[in-house]
Amino acid sequence: MATMVAVAKHAGLPFDAILTAELAHIYKPAPAVYQLAVDYLGCRPDEIMMVACHKYDLAAARAFGMRTAFVARPLEFGPDVRPDIAREDWFDIYAEDFVALAEALGA
């Protein structure tokens, strides 16, 4: 959690909140992690969008009722590994990068 806050501050990212699985004392894809966002943000699951590069994470968020945005990270594990970055029908948004995600969200 402290690392995520430091990264956001250093980058000048204007987040309203940073939530991590650390607060739930369990790891994704446990439903308690997604419930944490509902509880802390005071929103319904369908008002929250999980943005991730891991399909298992997005599948769990979708099963919880959240919207999903996949942002590809083709070099996440280095140049010799090819992670699954294929588009899926069930993503609400598929984006090649965060600029594309912002554009898809109308920013």
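Note that the structure is predicted; figures quoted are calculated from it, not measured.
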Q. Once you round to the nearest 0.5 Å, how far does CZ of Arg67 lie from CG of Asp46?
A. 9.0 Å

Q) When rounded to the nearest 0.5 angstrom, what is the spacing between CE in Met49 and CZ in Arg62? A) 11.0 Å

(Q) If you count every heavy atom of other residues, nucleotides or ligands that lies below 6.0 Å from Tyr27 atom OH, does the total exceed 12? (A) no

**Q.** Side-chain heavy atoms of Phe64 within contact of Ile48, under 4.5 Å
**A.** no

Using distance only, find each side-chain donor-acceptor pair of residues 18-26 under 3.5 Å and give its atom names and separation, not counting sequence neighbours.
| from | atom 1 | to | atom 2 | distance (Å) |
| --- | --- | --- | --- | --- |
| Thr20 | OG1 | Glu22 | N | 3.3 |
| Glu22 | OE1 | Met1 | N | 2.6 |

Q. In the single-linkage hydrophobic clustering (I, L, V, M, F, W, Y; side-chain heavy atoms under 4.5 Å), do Phe15 and Leu41 co-cluster?
A. no

(Q) Counting C-beta onward and ignoring hydrogens, is there a side-chain heavy-atom pair between Phe70 and Arg87 closer than 4.5 Å? (A) no

Q) For Arg73 and Pro83, which heavy atoms make the closest approach, and how far apart are they? A) O-CG, 3.7 Å

Q) Counting only heavy atoms not in Lys55, do more than 12 fall under 6.0 Å of its NZ? A) yes

Q) Linking I/L/V/M/F/W/Y whenever any side-chain heavy atoms sit under 4.5 Å apart, do Tyr40 and Met50 land together? A) yes

Kindly list each side-chain donor-acceptor pair under 3.5 angstrom involving residues 91-107, sequence neighbours excluded, with atom names and distances?
| from | atom 1 | to | atom 2 | distance (Å) |
| --- | --- | --- | --- | --- |
| Asp92 | OD2 | Thr68 | N | 2.7 |
| Tyr94 | OH | Ile85 | O | 2.8 |
| Asp97 | OD1 | Val99 | N | 3.1 |
| Asp97 | OD1 | Ala100 | N | 2.8 |

Q) How about Leu58 and Trp90: do any of their side-chain heavy atoms sit closer than 4.5 Å? A) yes

Q: For residues Ala60 and Tyr34, report the shortest heavy-atom separation together with the two atoms involved.
A: CB-OH, 3.5 Å

